[in-house]
Amino acid sequence: MSDSNTTDFTNPSTFILLGIPGLEAAHVWISILFCTMYTIAILGNFAILFVMKREKSLHGPMYYFLCMLAVTDLGLSTSILPKMLAIFWFNSREINFSACLTQMYFIHCFSVMESGIFVAMALDRYVAICHPLRHSTILTNPLVAKIGLAVLLRGGMFILPYPLLASQWPYCRTNIIPQPYCAHIAVVNLACDDTRISSYYGLFVLYSVMGLDGIFIAVSYIQILRAIFRLPTKDARLKTFGTCSSHLCSILAFYIPGLFISLMNRFGQNVPLHFHVLIANVYLLIPSMLNPIIYGVRTKQIRDRLLRLITH
């Protein structure tokens, strides 16, 4: 095993995932934290889906988008956690080359899909607040289905070049990845060829997909706030703003850590590697854990149905 880590090779059959380098002694304790977050994400998102299926009164555009978000969160967390826990608990560090590229694809695909769903939810809140009388005629069920399909296809098509390009590069340096999962840049950095195509395409996806999504959400909320401030009373403003507070909290939980990580990667050269890796892992898991909590606590219809099912 050690020979394959240092000798030259062109196409490694396996990669070695190190977990969190520098914190090997704390892997067990870190795994408890991550396992708890994963358990909350699984139970919370399945609870959201169960309530949506049982309660026909929740069959509307906002809740359909919330179901899409729950499925995406389940996919994103499941793409990362099982292998990560296997590393922490059983020291199972090897991952097949094809499995590594598959994991890379799904991690980034679900991240792009989640960003697209937040845009769709911002559109729903915009129509509901700025054009309330036309909400049911604009956001019909067929349109919601088309938006969901567009989000799915966009994520799948934009991320597909990631593994396709990564599979073409020769790998002659090492097969050690200093992370507990196969991220795009972490894998591409191991190649011994000119990988600027992969790097440029990664930046293109970051700015053209995630960046445009952020701009669209910001524009939507500027219009929403303008409509709220035009309301005559303070109570009406607070009540209307409360209808989109859950969505706003989920957006902040998704985009602010991502912005922090981007700034840290660019300007935090003196930050220890283990801190970079730990923060990147927490960033990917926090939205999956927080979204069902935010919507379960702050959305009255979901909260009432959950309490009714539990007490019944």
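What you are looking at is a predicted structure, and each value in this text was computed from that prediction instead of being measured.
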Student check: side-chain heavy atoms of [X] and [Y] closer than 4.5 Å:
X: L49; Y: L74; answer: yes
X: F241; Y: L225; answer: yes
X: L278; Y: N281; answer: no
X: M37; Y: I286; answer: yes
X: H108; Y: F158; answer: no
X: Y181; Y: M104; answer: no
X: Y255; Y: S115; answer: yes
X: P180; Y: F34; answer: no

- Item | Test log, rule side-chain contact (heavy atoms from CB on, under 4.5 Å), inputs K83 and L17 | CA-CA 9 Å; K83 182 58 181 178; L17 301 171; 4.0 Å; yes
- Find out if a path of hydrophobic residues (ILVMFWY) with successive side-chain heavy-atom gaps under 4.5 Å connects Y126 to I138. yes
- Query: Are L285 and I256 grouped together when hydrophobic residues (ILVMFWY) are joined by side-chain heavy atoms under 4.5 angstrom apart?
  - Reply: no
- Does a side chain donor of either Y221 or H247 reach within less than 3.5 Å of an acceptor in the other side chain? yes
- Task: Examine the side chains of Y162 and S198 and answer whether a donor and an acceptor come within less than 3.5 Å of each other.
- Result: no
- Query: Taking atom CD1 of I217 and atom CD1 of I222, what is their separation to the nearest 0.5 Å?
  - Reply: 12.0 Å
